[in-house]
A.B. asks: 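Dropping a structure here in structure tokens format, bear with me for questions.
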Amino acid sequence: MSELSFIWPLTGGLLIGASAGLFLLMHGRIAGVSGLMASGLRLGGSGPRELSLGFLGGLLGGALLAGALIRRPEVIVTSSLPLLIIGGLLVGFGTRWGSGCTSGHGVCGIARLSPRSLAATALFMGTAAVTVFVTRHLIGGL
């Protein structure tokens, strides 16, 4: 690791916070990705479809731009495609069941000191910690 290895995560965090704040100020909506995805795909979300698709397109475009700028060979996917699909479906199910995702609850909700978001984020993080422990130490995954 280099002395400046903190730059990308710091920049990403600042951009996520700034975009969530601007989205709330400009549109009066929480920048929860699961809700925006539901609106964009017309799966029951609220809000204009074009706004949701534009926000999601910006997320994808930003990720592609960062990937093109970094060009680090050690950043590779080490899992199988079926496992990634199953994981994505489980995350999608969890966000619908929990009425929000880490962006809506973890970024926007905690910033607004929402008790519901504080509880949801604590549950997300606790579940992630248990999953990593079980995967790495009990069943011997990567």
Side-chain angles (χ1 to χ4, degrees), residues 1-2 4-139 141-142:
M1 286 186 27
S2 72
L4 300 176
S5 61
F6 67 92
I7 294 292
W8 281 105
L10 178 63
T11 303
L14 290 172
L15 289 172
I16 289 169
S19 67
L22 284 171
F23 196 76
L24 182 61
L25 286 172
M26 294 174 70
H27 302 287
R29 296 188 58 207
I30 298 298
V33 175
S34 62
L36 291 166
M37 181 69 79
S39 294
L41 299 177
R42 297 186 183 188
L43 298 174
S46 62
R49 182 172 192 237
E50 295 78 16
L51 179 65
S52 297
L53 291 174
F55 189 88
L56 295 168
L59 287 176
L60 181 59
L64 293 172
L65 178 62
L69 291 174
I70 292 174
R71 292 190 196 178
R72 291 172 50 182
E74 67 270 14
V75 181
I76 58 172
V77 176
T78 59
S79 185
S80 67
L81 183 60
L83 190 59
L84 290 173
I85 291 170
I86 290 168
L89 290 172
L90 287 172
V91 168
F93 172 74
T95 60
R96 294 302 279 182
W97 189 34
S99 300
C101 58
T102 53
S103 55
H105 285 301
V107 176
C108 302
I110 287 180
R112 296 179 306 119
L113 298 177
S114 164
R116 182 170 158 234
S117 291
L118 290 166
T121 304
L123 187 60
F124 296 157
M125 297 305 288
T127 302
V130 169
T131 301
V132 169
F133 178 80
V134 168
T135 302
R136 289 191 176 178
H137 300 290
L138 300 182
I139 60 175
L142 291 174

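Since the model is a prediction, treat every value here as computed from it, not as a measurement.
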A.B. asks: Between Leu36 and Phe23, which heavy-atom pair has the shortest distance, and what is it?
C.D. replies: CD2-CZ, 3.8 Å
A.B. asks: So, for Gly104 and Ser117, which heavy atoms are closest and what is the spacing to 0.1 Å?
C.D. replies: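 For Gly104 and Ser117, the tightest heavy-atom pair comes out as O-OG, 4.5 Å.
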A.B. asks: Would you give the length of the straight line joining atom OG of Ser52 to atom NE2 of His27, rounded to the nearest 0.5 angstrom?
C.D. replies: 10.0 Å
A.B. asks: Using atom types as modelled and distance alone, determine if a side-chain donor or acceptor of Ser19 lies under 3.5 Å from a backbone N or O of Ile16.
C.D. replies: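 Such a contact is found between Ser19 side chain and Ile16 backbone.
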A.B. asks: Roughly how far apart are Leu22 CG and Leu15 CG, rounded to 0.5 Å?
C.D. replies: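 Here the interatomic distance stands at 10.5 Å.
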A.B. asks: Once rounded to the nearest 0.5 Å, what's the spacing between atom CZ of Phe93 and atom CG of Leu89?
C.D. replies: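 Spacing of CZ (Phe93) from CG (Leu89) equals 11.0 Å.
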A.B. asks: If you measure from CG on Leu24 to CZ on Arg112, what distance do you get to the nearest 0.5 Å?
C.D. replies: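 Reported to 0.5 Å precision, the distance equals 7.5 Å.
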A.B. asks: What are the two closest heavy atoms between Ala20 and Ala31, and how far apart are they?
C.D. replies: CA-CB, 4.0 Å
A.B. asks: When rounded to the nearest 0.5 angstrom, what distance separates OG1 in Thr11 from CZ in Phe6?
C.D. replies: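 One finds 8.5 Å between OG1 of Thr11 and CZ of Phe6.
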A.B. asks: Carefully, step by step, assess Leu59 and Leu56 under the rule side-chain contact (heavy atoms from CB on, under 4.5 Å).
C.D. replies: CA-CA 5 Å; Leu59 287 176; Leu56 295 168; 4.2 Å; yes
